[in-house]
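Below is one structure, written out as structure tokens; the observations come after it.
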Amino acid sequence: MSLLFTPTTIRAVTLRNRLWVAPMCQYSAVDGMPQEWHHTHLAQFASGGAGLVMAEATAVSPEGRISPQDTGIWSDAQRDAWVPIVAAIRSRGAVAGIQLAHAGRKASTWSPLLGKDGTVPVADGGWQAVAPSAVAYEGYAVPQALDAAGIDAVVDDFAAAAQRALDAGFEVLEIHAAHGYLLHQFLSPLSNRRDDEYGGSLENRARLLLRVVDAVRRVAADAPLFVRFSGTDWAEGGWTIEETATVARWAADRGADFFDISSGGLVAHQKIAVGPGYQVALAAHVRREADVPVNAVGLIDDGLQAESILAAGDADAIMSGREWLRDPHFGLRASVDLDESLDYWPAQYVRARRRR
Ligand SMILES: Cc1cc2nc3c(=O)[nH]c(=O)nc-3n(C[C@H](O)[C@H](O)[C@H](O)COP(=O)(O)O)c2cc1C
């Protein structure tokens with residue numbers, strides 16, 4: 001059997017394979033509520049053979065949304081709107097996960113679907129963004145630095161969101177500490193200029209993330225808990241892969257189970273050499289140095305490529321994003337590429353299993 005289609009168990013949750021759907025914002029929510037679009041969008045990946053379907057970056061507070069059209073889970077009404085979506089994913093045999101997020105200084109920005117860039121003014125439905133320091137992302141409005149009470153509120157918001165996510169039926173929780181959003185902003189010296197216990201040393205920059213891990217773990221005693229990191233800022237003086245491995249180890253010691261290793265997003269002047277599997281080496285570094293399970297993500301677009309990453313020992317699982325958008329049945333297709341006969345190929349689609 002291929003490694004890609006070998007099930008894996010994290011805590012008490014068994015995932016039927018290691019080919020997973022990466023979180024992808026749809027910018028299609030209304031007042032933070034997921035819509036019919038989200039239902040069909042996420043359920044189709046479960047029909048298409050995914051082991052884990054990770055719902056998009058979902059805001060833990062209104063001001064934590066990237067755009068006004070982001071999904072949220074700060075209210076009971078939002079929790080309830082997720083329930084049928086989670087049920088649709090589960091009924092198709094996949095595990096439903098959700099990425100809990102706060103955008104920090106990259107909040108209140110125009111949805112890319114509107115073809116605009118930059119900060120939404122308050123007069124147009126935007127809001128004042130918050131961050132570790134009053135340092136703007138290039139081209140965006142200057143955020144307000146969080147005070148101690150504001151930081152405590154962020155921790156509480158993540159915990160409350162985690163509880164609602166579990167109540168909605170999500171079985172995997174992912175803390176978004178990547179792509180230049182709030183928790184990453186605290187980690188990186190390029191966005192964190194604080195001189196209190198949340199800034200300066202690595203211990204201090206990691207303090208908020210670790211508080212969030214603790215708080216989520218307290219409410220979600222048994223749920224698999226993932227952390228998504230950017231393994232590097234791809235910028236001089238920024239967050240590094242060595243720091244990522246150190247903090248992943250600390251997070252694992254506090255109860256995080258799995259690490260989703262992406263990169264970039266903190267500064268506009270990042271220099272990324274993009275190519276097939278371009279972030280695999282980052283995942284492999286964290287796996288080796290922190291001795292934690294990781295998934296690789298980033299331009300992993302076919303089953304043979306995914307299998308070779310697992311076979312090399314560079315990752316424990318694979319997340320893909322855009323390939324699932326091109327082909328929502330990517331999992332089924334990858335199983336054919338790897339000569340697997342899945343017992344969860346949808347019965348309704350069995351006639352398509354072989355070309356003739
Ligand atoms: C439409 C779209 C939306 C995305 N939204 C998120 C998100 O909500 N959270 C996140 O961590 N990454 C997000 N990403 C990044 C993906 O999760 C993934 O890391 C990235 O696309 C690289 O993988 P790929 O080459 O397989 O697409 C998004 C990517 C796309 C294409």
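All values derive from a computational prediction rather than experimental measurement. Both counts, for ligands and for their atoms, begin at 1 and track the order of listing.
- Side-chain contact annotation: Ser263 with Gln279, donor-acceptor N/O pair under 3.5 Å present.
- With hydrogens and angles left out, the side-chain atoms of His38 and Gln26 include no donor and acceptor closer than 3.5 Å.
- There is no side-chain donor-acceptor pair under 3.5 Å between Arg228 and Tyr181.
- Listed by chain and number, Ala22, Pro23, Met24, Cys25, Ala57, Gln99, His176, His179, Arg228, Val297, Gly298, Leu299, Ser320, Gly321, Arg322 each place a non-hydrogen atom less than 4.0 angstrom from ligand 1.
- Under the 3.5 Å distance criterion, with hydrogens and angles disregarded, a donor-acceptor pair is assigned to the side chains of Thr71 and Thr58.
- Few gaps surround CG on Asp167; more than 12 heavy atoms of other groups in view lie less than 6.0 Å from it.
- Aromatic pair Trp234/Tyr278: ring centres not closer than 6.0 Å.
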